[in-house]
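These notes are about the structure you will find just below.
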Amino acid sequence: MKLISIVVPCWNEEEVIPFFYDEMNKTLNAFGKECDDVEFELIFVDDGSKDKTLELIKSYAKNDSRIRYVSFSRNFGKEAALYAGFENAKGDYVACMDVDLQDPPGLLPEMYRAVSDEGYDSVATRRVTRKGEPPIRSFFARRFYALMDKICSTEVVDGARDYRMMTRQMTDAVLSMGDYNRFTKGIYGWVGFKTKWLEFENIERVAGETKWSFWKLLIYAIEGIIAFSTVPLEIIAWIGGALTGISFIFTIAAIICLITGIWGSLPLVIAVIMFFGSMNILAVGIAALYLSKTYLETKGRPLYIAKELT
Ligand code: UDP
Ligand code: MG
C-alpha cells in the first residue's frame with residue numbers, strides 16, 4: 001500500500017471546511033476505489049485560527065481516521081503551516097492544497113499517476129487565467145514574477161499555485177531547507193528534481209474571504225526576492241563602482257581644466273564632493289557584497305541534493 005499525505009493549511013476557515021471535507025471525502029473515496037493500492041491521510045494545519053476551525057477539524061478527525069492535525073499556538077503564516085504539514089506527513093507521496101477549493105481535488109489521481117508511474121518527482125499546478133482577481137493585483141503579480149525571473153537564481157513560475165504532489169525524496173529535500181524567512185515557491189525550484197506542470201483556469205473561493213491583502217502580498221513578494229536573490233545588495237556595489245569611476249575622471253578633468261584656465265574652481269569642488277560621495281556608496285557596496293555571502297552562509301542550505309547514489 002502507498003500512503004498519500006495531503007497537507008491543508010487553514011486560518012480562520014470555518015465557513016469553508018465543511019465544503020472542503022465533503023468534496024475531499026468524495027474524491028478520495030472514488031480515488032481509493034479506482035486505485036486499490038493507495039491510502040490517504042489528511043493533515044490539517046490550523047494556523048492559529050480564532051474561529052471554529054480547530055473544533056471543526058477535531059470533529060471530523062473523530063469520525064474519520066484518515067484525518068490528523070497540527071494546531072499552532074498563534075498565526076505563523078502559510079509558509080510555516082506548510083512546513084509543519086510536511087514535517088508531520090508520513091506518506092510515500094506528499095501533497096499540499098488550500099482549503100478553499102481553489103485547488104481542484106479532481107486533479108489528485110492524475111498527479112498521483114505522474115509521480116508513481118511516469119517518473120516525475122513532483123507535479124505542480126499553475127493557473128493560466130486570473131479571472132475573478134482584482135486587475136491591479138494581477139498586474140503586480142505578473143510584474144513580480146517577471147522580476148523574480150530576472151534576478152533570482154531559482155525559477156519561480158508565473159501563476160504557480162502551492163497545490164502540488166511530491167515524492168518522499170523531494171519532500172525530505174524541501175524539509176532540509178531550514179529557511180526561516182520561507183518562500184516555498186522558490187524552494188521547490190531550488191531543490192531541483194523533475195516536475196510536471198498541470199494547468200487549470202482560476203477557480204474562485206467556495207466561501208469566506210482571501211487572507212491576503214494587497215500589502216500582505218507585497219511583503220510576501222519582497223520576502224520572496226530577498227530569500228532567493230542577493231542582487232539588491234550587489235547592485236549597491238555596482239552603482240558605487242560606476243559612480244566612483246565617473247567622478248574620478250570628472251575630478252582629473254576638473255583639475256586639468258583649472259590649471260589650463262578653461263574652468264574655474266567650482267567644477268573641481270563639485271567633482272571632489274561627487275568623488276567622496278561615490279566612495280561612500282562603493283564602501284557600503286563592498287560591505288554589502290560580504291553581507292550577501294554571509295547571508296547565504298547563515299541559511300545553512302545543503303551544498304547539493306543527490307537524487308540517486310550507487
Ligand atoms: N492560510 C494560512 N495562514 C495564513 C494565510 C492563509 O494557513 O496566514 C491558508 C488559508 O487558510 C488557505 C490558504 O492558506 O487554505 C490560502 O489562503 P487564501 O485562499 O486566503 O489565499 P489566496 O488563494 O487568496 O491567495
Ligand atoms: Mg484561496
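Order of appearance sets the numbers: ligands from 1, and atoms from 1 within every ligand.
Salt bridge absent: Lys26 and Asp22 never bring a charged side-chain N and a carboxylate O closer than 4.0 Å. We find that Lys299 and Asp179 are joined by a salt bridge, their nearest charged nitrogen and carboxylate oxygen being less than 4.0 Å apart. Salt bridge annotation for Arg205-Asp98: absent, with no cationic side-chain nitrogen under 4.0 angstrom from a carboxylate oxygen. Taking a cutoff of 4.0 Å between a charged side-chain nitrogen and a carboxylate oxygen, Arg161 and Asp103 qualify as a salt bridge. Comment: Asp162 engages Lys78 in a salt bridge, judged by a side-chain N to carboxylate O separation of less than 4.0 angstrom. Taking a cutoff of 4.0 Å between a charged side-chain nitrogen and a carboxylate oxygen, Arg66 and Glu39 do not qualify as a salt bridge.
Nearest protein heavy-atom contact of atom 10 (C) of ligand 1 is Glu13 OE2, 3.1 Å. Here the protein heavy atom with the shortest distance to atom 19 (O) of ligand 1 is Asp100 OD2, 2.6 Å. For atom 17 (O) of ligand 1, the closest non-hydrogen atom on the protein side is Trp212 NE1, 3.5 Å. Ranking protein heavy atoms by distance to atom 20 (O) of ligand 1, first place goes to Lys211 N, 2.5 Å. Asp47 OD2, 2.6 Å is the protein heavy atom nearest to atom 3 (N) of ligand 1. The shortest contact between atom 5 (C) of ligand 1 and any protein heavy atom is with Trp11 CE3, 3.6 Å. Atom 14 (O) of ligand 1 has as its closest protein heavy atom Lys78 CD, 3.2 Å. For atom 16 (C) of ligand 1, the closest heavy atom belonging to the protein is Asp98 OD2, 3.2 Å.
At least one N or O atom of Gln102, backbone or side chain, sits closer than 3.5 Å to an N or O atom of ligand 1. Of the N or O atoms in Val99, one or more lie within a sub-3.5 Å distance of an N or O in ligand 1.
Remark: ligand 1 atoms within the under-4.0 Å shell around heavy atoms of Pro9 are 7 (O), 9 (C), 10 (C), 11 (O), 12 (C), 15 (O). Listed by number with element, the atoms of ligand 1 under 4.0 Å from a non-hydrogen atom of Cys10 are 7 (O), 11 (O). Close approach of ligand 1 to Arg205 (heavy-atom distance below 4.0 Å) involves ligand atoms 18 (P), 19 (O), 20 (O).
Counting backbone and side-chain atoms alike, Asp100 contributes an N/O/S atom closer than 2.8 Å to the Mg ion (ligand 2). Between the Mg ion (ligand 2) and Thr210 there is no N/O/S contact shorter than 2.8 Å.
In the model, Asp117 has no side-chain atom that pairs as donor or acceptor with a side-chain atom of Tyr112 under 3.5 Å. Side-chain contact check for Thr184 and Glu79: at least one donor-acceptor pair (N or O, by modelled atom type) lies under 3.5 Å.
Residue Val272 is not grouped with residue Trp263 when hydrophobic side chains (ILVMFWY) are merged at heavy-atom distances under 4.5 angstrom, including chains of intermediate members. The hydrophobic clustering, which links ILVMFWY residues whose side-chain heavy atoms are closer than 4.5 Å, places Leu3 and Val123 apart. Transitive grouping of hydrophobic side chains (ILVMFWY, heavy atoms separated by less than 4.5 Å) keeps Tyr163 and Val156 in distinct clusters.
Assignment of Arg137 to the shell around ligand 1 is supported, since a heavy atom sits closer than 4.0 Å.
Within the 4.0 Å heavy-atom criterion, neither part of Asp162 lies near ligand 1.
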